[in-house]
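In what follows, every chain begins at residue 1, and chains take the letters A, B, ... in the order their sequences are listed.
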There are 2 protein chains.
Amino acid sequence: METIEQILESKNIRVTAMRLLIYKFLAENQVAATLSDVENAFEKADRTTLYRTVKTFVERDIVHQIDDGTGIVKYALCEQNCSCEIETDLHLHFHCNNCNETVCLTEHKIPKIKVPDGFVSENINLVVKGMCDKCSGQ
Amino acid sequence: METIEQILESKNIRVTAMRLLIYKFLAENQVAATLSDVENAFEKADRTTLYRTVKTFVERDIVHQIDDGTGIVKYALCEQNCSCEIETDLHLHFHCNNCNETVCLTEHKIPKIKVPDGFVSENINLVVKGMCDKCSGQ
DNA sequence: AAAATAGATGCATTGGAAGTGCATTATTGC
DNA sequence: GCAATAATGCACTTCCAATGCATCTATTTT
Ligand SMILES: [Mn+2]
Ligand SMILES: [Mn+2]
Ligand SMILES: [Zn+2]
Ligand SMILES: [Zn+2]
């Protein structure tokens with residue numbers, strides 16, 4: 001079991017108090033978080049610091065960015081050993097139109113998608129919208 | 001062959017000069033257009049009018065809104081008889097990371113996607129990112 | 001240890017895009 | 001033509017992303 005410190009260091013991210021806190025926040029959160037969510041969790045911290053911290057995490061592939069169609073970017077921790085590139089890392093995301101929460105369905109990989117001749121697929125974003133388990137009442 | 005006037009009227013959209021122009025612009029455009037694209041095409045028109053015209057088109061299901069992950073909404077005409085809802089209308093979109101253009105791949109329908117128990121799928125957004133045919137050099 | 005360097009954080013400000021309230025103009029139905 | 005209704009235009013607001021620069025902190029070098 002790697003500690004958070006080790007995870008950060010393995011990605012050449014300097015360990016700071018703030019970064020540890022933000023990492024923990026994302027780790028404890030079951031749903032993808034917006035920057036505002038992070039802000040609300042750390043009211044004393046500066047918005048820019050939070051913004052840049054999360055951005056660093058994304059650049060170093062320990063957090064992935066989710067575009068669920070709401071127009072507001074959401075963030076979630078990557079799985080261990082995720083490279084954020086290989087096809088096997090691509091999972092689908094579910095956005096609940098009722099509670100507005102977005103979750104990673106990491107077990108649900110994205111199926112092979114055919115594209116026309118001449119097009120080269122490098123990445124795939126798949127978002128399913130509807131009613132989440134909590135909101136559908138079962 | 002329906003005229004544009006007939007298409008608008010069939011969806012209870014009043015025919016105005018501006019709306020005809022915007023419709024034609026979208027029809028001639030092979031790639032999905034941002035609001036800025038529309039603005040640039042009609043510099044004399046007011047931004048709000050363009051915004052609300054496109055919005056009306058979306059609400060009446062003659063234009064669909066595309067969220068390709070760039071953070072900027074894009075618009076494209078729906079196909080004839082599109083309801084924007086039925087599963088058979090859902091096609092995939094391709095976003096080129098090189099030229100930044102997004103195109104509808106209307107022939108490529110979105111495959112069935114399984115979601116976990118309790119989740120109810122109502123809509124699916126599938127965007128493939130990579131290199132388009134023009135940019136890949138073939 | 002002190003100095004030098006690099007990196008992180010905080011504050012102020014900017015920019016872009018979406019959205020709205022309200023006055024004016026055009027269109028429609030009578 | 002007149003009244004009602006819808007479309008358009010202008011001004012303004014809100015929201016989030018992003019950046020320049022000063023300051024503080026940690027690391028490295030001497
Ligand atoms: Mn995810
Ligand atoms: Mn499309
Ligand atoms: Zn929900
Ligand atoms: Zn291209």
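Ranking D:dA6, C:dC11, D:dG9 by closeness to the A:Asp46 side chain, first place goes to C:dC11. Set against C:dT9, D:dG9, C:dA18, the side chain of B:Arg47 has C:dA18 as its closest nucleotide.
At the phosphate of C:dT9, OP1 or OP2 sits under 4.0 Å from a side-chain N or O atom of A:Arg19. Between C:dT9 and A:Thr48, no contact under 4.0 Å exists linking OP1 or OP2 to a side-chain N or O. For A:Tyr51, a side-chain nitrogen or oxygen approaches OP1 or OP2 of D:dA18 to under 4.0 Å.
If you measure from atom CD of B:Glu59 to atom P of D:dA7, you get 11 Å, rounded to the nearest angstrom. When the P atom of D:dT25 is taken as reference, atom CE of A:Met18 falls 15 Å away, rounded to whole Å. The CG-C1' distance, from A:Leu21 to C:dT9, rounds to 14 Å in whole Å. The NZ atom of A:Lys55 sits 18 Å away from the P atom of D:dC16 (whole-angstrom rounding). Put simply, CG on B:Asn40 is 10 Å from P on C:dA17, counting in whole angstrom units. When rounded to the nearest whole Å, the span between NZ of B:Lys74 and P of C:dG16 equals 17 Å. Atom CD of B:Glu39 is separated from atom P of D:dT8 by 15 Å (rounded to the nearest Å).
Dense packing is recorded around CD of A:Glu2, with more than 12 heavy atoms of other residues, nucleotides or ligands lying under 6.0 Å away. Within 6.0 Å of NZ on A:Lys11 lie more than 12 heavy atoms contributed by other residues, nucleotides or ligands.
Under a 3.5 Å cut-off, the side chain of B:Asn125 and the backbone N or O of B:Asp67 do form a donor-acceptor pair.
Using a 4.0 Å heavy-atom criterion, one finds that B:Thr16 contacts the sugar-phosphate atoms exclusively.
Within the 4.5 Å cutoff, no side-chain heavy atoms of B:Glu101 are placed close to those of B:Cys135.
Between B:Leu35 and B:Arg14, the residue whose closest nucleotide on DNA chain C is further toward the 5' end is B:Leu35.
If you look at A:His91 and A:His64, their ring centroids are closer than 6.0 Å.
One can find a donor-acceptor pair under 3.5 Å joining the base of D:dG9 and the side-chain atoms of B:Arg52.
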